[in-house]
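The residues of the chain are indexed from 1 along the displayed sequence. Quick caveat, the model's predicted, so the values are computed rather than measured. Ligands are counted one by one from 1 in listed order, and the atoms in each one are counted from 1 as well.
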Amino acid sequence: MRPLVLFDLDNTLVDRQRALTDWVAGYQSHHGLSCEQRRWLFGLLADRATPAHFERIRNRFGLAESAGSLWHGYCEDLAAAVICPPDVLSGIEELRTRGWRIGIVTNGATDIQTAKLRATGLADRVDAVCISGEAGVRKPDPALFRKAARRCGISGYEEGGWMVGDNPVNDIGGSRSAGFRTVWIHRGLPWPAGLPGPDHQVPDARAAIELLISCRRQRKELVP
Ligand SMILES: [Mg+2]
């Protein structure tokens, strides 16, 4: 059967952390925020951003612009700021050339995640996308990974299903519960104590792709 890999989006395929840091710095400069206000803003949006967060930002800073308009501007800014490294884009293309089915599984609001997928060119390079905002279920719920696999056209993935992501609980724990083998993007951090470990650890998405190709090659040699 065709091998399957699902990737997380934020801080796995794209560097949301850097894009958010730059956006907050620009916002601080534009609105004359104090360092304390900047820290509050970054903390508010660090893990996730939704339209409701921009209602809080509007109230905190006494902004005249509507929360919806602020949210729309943020979506446009972040989509323009994030990039998927060229060697990761080419790696995804190589996986597809080698017969892999590829999906992206991401928690977030549909509009901003879709905007990032389009702006980075990822939307055109994968078989399916599963965004929690439209799927009605969030990682680490195993249902989201199963739904993504089905959207990739694969239902019995247990023999060849992989998940690559940076979040130990949402990406690694959730996908393991759904029967996937796991690759953790560690970015120099140690695995959290007390959690069952991933199958593999690598520094970034390109290294994960190399690992997948290598594991597939070894499996072919073992199972002719
Ligand atoms: Mg992530």
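Between S132 and R48 the shortest side-chain heavy-atom distance does not fall below 4.5 Å.
Sorted by first and then second residue, the side-chain hydrogen bond (donor to acceptor under 3.5 Å, both in side chains) pairs involving residues 117-130 (not counting sequence neighbours) are E93-R125, R96-D127.
Under the 6.0 Å distance and 45° angle rule, R60 counts as a cation-pi partner of W40.
Atom OH in Y27 sits 3.5 Å away from atom NE2 in H31 (nearest 0.5 Å).
Between the N59 side chain and the E55 main chain, a donor and an acceptor come within less than 3.5 Å of each other. Proximity of a side-chain donor or acceptor of R151 to a complementary backbone N or O of A128 within less than 3.5 Å is not detected.
Within the protein, the number of N, O or S atoms lying under 2.8 Å from the Mg ion (ligand 1) is 3.
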